[in-house]
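See structure below.
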There are 2 protein chains.
Amino acid sequence: MRNDAKRTTIYDIAALAGASPSAVSAVLNGSWQKRRLSRSLADRVLRIAEQEGYAVNAQASLLRRERSHIIGMIVPKYDNRYFGHIAEEFEAMARDRNLFPVVTCTQRDPELEFEAAKELVSYQAECLISTGATDPDRISAFCKASGVQSINLDLPGTLAPSVISDNHAAARDLTHLIMDRCASDLGWAGPLRFVGGRREDHNTSARIAGFEAAHADRGIAIPEDHIMARGYSAQTARSLLDDFAPEGPTGLFVNSTISLEGVVQWHAGLGAARSRVRYGCFDFDPFGSFLPGNVGMVEQDVGKMLETAFALVGERAANMETIRVPCRLLPF
Amino acid sequence: MRNDAKRTTIYDIAALAGASPSAVSAVLNGSWQKRRLSRSLADRVLRIAEQEGYAVNAQASLLRRERSHIIGMIVPKYDNRYFGHIAEEFEAMARDRNLFPVVTCTQRDPELEFEAAKELVSYQAECLISTGATDPDRISAFCKASGVQSINLDLPGTLAPSVISDNHAAARDLTHLIMDRCASDLGWAGPLRFVGGRREDHNTSARIAGFEAAHADRGIAIPEDHIMARGYSAQTARSLLDDFAPEGPTGLFVNSTISLEGVVQWHAGLGAARSRVRYGCFDFDPFGSFLPGNVGMVEQDVGKMLETAFALVGERAANMETIRVPCRLLPF
DNA sequence: CAAGTTTGCACAATCGATTGTGCAACGAAT
DNA sequence: ATTCGTTGCACAATCGATTGTGCAAACTTG
């Protein structure tokens, strides 16, 4: 337990134990029986290692080993339950599989995404999961060139297998739920407004398609200006709605909990008209069901998505298919 | 861009460029001018490296270098805004300082906390920030033995400097806010109930002390059974309140957003009595202000906490002092 | 043109752990 | 007493990058 500036190495321990570094290494990594070292040597080495507060130098160890057992993930943000849940579950599942998870958060910044991916490859990650990446194919191309497996999550790419939510189906279901509640609570048939996200974004466009399909199911036309998808932030949602003071009943499809924050701010400022508004949100938040006017949320099946992704880890024959995982609709 | 199973190394590039590995290394890590290599060699090497999709082997590089520039953090959960915000901000600030952040989530499991700390030390982290650790001193002791700096965040320890919220002051302020609103809205003076957390836990006990101080300020006694601190989960909070059907006005101090989920569930089930309940919560959630009955929240100053912690990074003369960062009280 | 200086690069040691191989010492079998 | 198998361990090469040092060739100066 001395406190030299330098870290204890197997050479220090070897000297203290009167053994060779290779013997110490074998004891410390558990392969000593295979190398026919005596139990007494093993005990001695383990005791000394404990005393000296030895911790293996992973850099040195990994340099020599063939596999790193590191699995990387990049995530845009931790600021909502969805990505937080993904990161947490990813780590737990990685540990269950005896992998060392390294998650890094890239702030929705395409350059940072790519830099982070390169760093993870530098650290010899065996597989990289790109979650909600702006440009997943750029990352996949780089990984492929380095011989590293890559998998897309939440947003699909074309150069790696992708696991995403079934946005279309869930959006359609949610739209029907909101319209049902508008009908029963307000005696109003639609059309709803779609708030939040970006049209160019894959998920948003799939959700808009589901939203439109539900309206088509009911033979209701959607005016052009009812699709308000010009950004994710709460601010954006709020300012989009700023000059919208509904006279009659209104229904909204909100595209994320981040946008929902803006919608709820707007809703809170409506006064008496508040009671004639119903909305639902694509994405779950535990406080969602207590927000007045909220009729339901879509919860993406993070556990299933990650299980599906982990099933692909290590697969050599990766076809570039996109796997869609069903969501859960939670009516309130 | 060939796709051999093996990763491209400086030796491969050296062969292709007709140069020595050391020259390639110098070019790729930017020290080529210092080594007086010609620009033409540098350009050639860079071009080949690009073509071959070269990525440095961080393990090999770090093994030789003296500093790793890795900074580690352990975090209990990502399931609320507070820890999510901490992790995200930590990563951003680490990158700003040219450090490589590695965050790992330990599920409030003491063993996992320690294992994760050991892993981060193995990866040669230069500093480890233990956030909300169950047993921070065990981690600090291990770090010290390995010559690694450690810093506690959110929960204090005695073997490393700690940066925590000023729980006492903020709890006192929040208690006053809730009591003020109980007085003005309900014409009721208290005493409030304290819901969530664990008495043994440092933060909870500081908050209880602040809660009691506010009552003392007003000369109000708190019955023993009004302190309901037997766990953090929403379930716990809910079941604690399950058989509490208030007849008159009631006020609650809720100790975390997780507990708040349980409180809000209970509140929603109260029926007409709902309007005679006021509560406030220690911790922020963006949907908090829209929850009926919620009169305010305490937002911990994550930015300031992390700045304070980062100011300690690299400090040799670390005194084991606990630094308390003021919180923001947000009245609704 | 000789001596000194600068330019441009290669060589080899090194970081700490892993792992294939070799080799004494010892006991058993003949 | 010789041969053979086993036990218990040490030696040395290796992973890929970094870095101190050395040394030709080119260039400058007198």
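All values below come from the heavy atoms of this structure, side chains included, with hydrogens, waters and symmetry mates left out. Chain A is the first sequence line, chain B the second, and so forth, proteins listed ahead of strands; every chain is numbered from 1.
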Inset, instruction - Ignoring backbone atoms, establish whether B:S20 has a side-chain N or O less than 4.0 Å from OP1 or OP2 of C:dA10. - result: yes

Inset, instruction - Counting heavy atoms from C-beta on, name the nucleotide in D:dG16, D:dG8, C:dT14 closest to the side chain of B:R64. - result: C:dT14

Legend entry - Electrostatic pair A:E111-A:R138, nearest N-O below 4.0 angstrom: yes

Inset, instruction - Please work out if B:S25 contacts a base, only the sugar-phosphate, or nothing of the nucleic acid, heavy-atom cut-off 4.0 Å. - result: base

Inset, instruction - Using a heavy-atom cut-off of under 4.0 Å over every strand shown, decide if A:R36 touches base, sugar-phosphate, or nothing. - result: base

Inset, instruction - Would you indicate what B:V56 reaches in the nucleic acid, counting non-hydrogen atoms under 4.0 angstrom: base, sugar-phosphate, or nothing? - result: sugar-phosphate

Inset, instruction - For A:N29 and A:S31, test the side chains for any donor-to-acceptor distance below 3.5 angstrom and give the result as yes or no. - result: yes

Inset, instruction - Return the value, rounded to whole Å, for the distance between atom CD of A:Q59 and atom C1' of D:dG16. - result: 12 Å

Inset, instruction - Quick one: label B:L41 by what it contacts on the DNA or RNA (base, sugar-phosphate, nothing), any heavy atom closer than 4.0 Å. - result: sugar-phosphate

Inset, instruction - Please state how far atom CG in B:L63 lies from atom P in D:dT19, giving the value in whole angstrom units. - result: 12 Å

Legend entry - Aromatic centroids of B:F83 and A:Y78 separated by under 6.0 Å: no

Inset, instruction - Would you mind classifying the nucleic acid contact of A:A19 as base, sugar-phosphate or nothing, using non-hydrogen atoms under 4.0 angstrom? - result: sugar-phosphate

Legend entry - Distance below 4.0 Å between B:Y11 side-chain N/O and D:dT18 OP1 or OP2: no

Legend entry - Straight-line distance of B:I48 CD1 to B:L16 CG, nearest 0.5 Å: 5.5 Å

Inset, instruction - Could you tell me whether B:R97 sits above the aromatic face of B:F310, with NZ or CZ closer than 6.0 angstrom to the six-membered ring centre and within 45 degrees of the axis? - result: yes

Inset, instruction - Using a heavy-atom cut-off of under 4.0 Å over every strand shown, decide if B:S22 touches base, sugar-phosphate, or nothing. - result: base

Inset, instruction - Send over the distance from B:R39 CZ to C:dT7 P, rounded to a whole Å. - result: 14 Å

Legend entry - Length of the CZ-C1' vector between A:R65 and D:dG16, whole Å: 17 Å

Inset, instruction - Could you check which of C:dT18, D:dT18, C:dC9 has an atom nearest any side-chain atom of B:L37? - result: C:dC9

Inset, instruction - From the options C:dG20, C:dA10, D:dA17, select the nucleotide whose nearest atom is closest to the side chain of A:R35. - result: C:dG20

Inset, instruction - May I have the distance from B:W32 (atom CH2) to C:dT7 (atom C1'), rounded to whole angstrom? - result: 13 Å

Legend entry - Residue whose nearest DNA chain C nucleotide is more 5′ - B:R44 or A:L28: B:R44

Legend entry - Which nucleotide in C:dG16, D:dA10, D:dA17 has an atom nearest any side-chain atom of A:A23: D:dA10

Legend entry - Integer-rounded Å distance: C:dG8 C1' and B:Q33 CD: 14 Å

Inset, instruction - Measure from NE2 on A:H69 to C1' on C:dT18 and round the result to the nearest Å. - result: 13 Å

Inset, instruction - Return no unless some side-chain N or O of A:N29 is found under 4.0 Å from OP1 or OP2 of C:dT18. - result: yes

Inset, instruction - Grab the OH-P distance between A:Y123 and D:dA17 for me, whole Å please. - result: 14 Å

Legend entry - Cationic N near anionic O, under 4.0 Å, A:K304 to A:E89: no

Legend entry - Phosphate OP1/OP2 of C:dT18: any A:S31 side-chain N/O under 4.0 Å: no

Inset, instruction - Counting heavy atoms from C-beta on, name the nucleotide in C:dT18, D:dA17, C:dT19 closest to the side chain of A:I10. - result: C:dT18

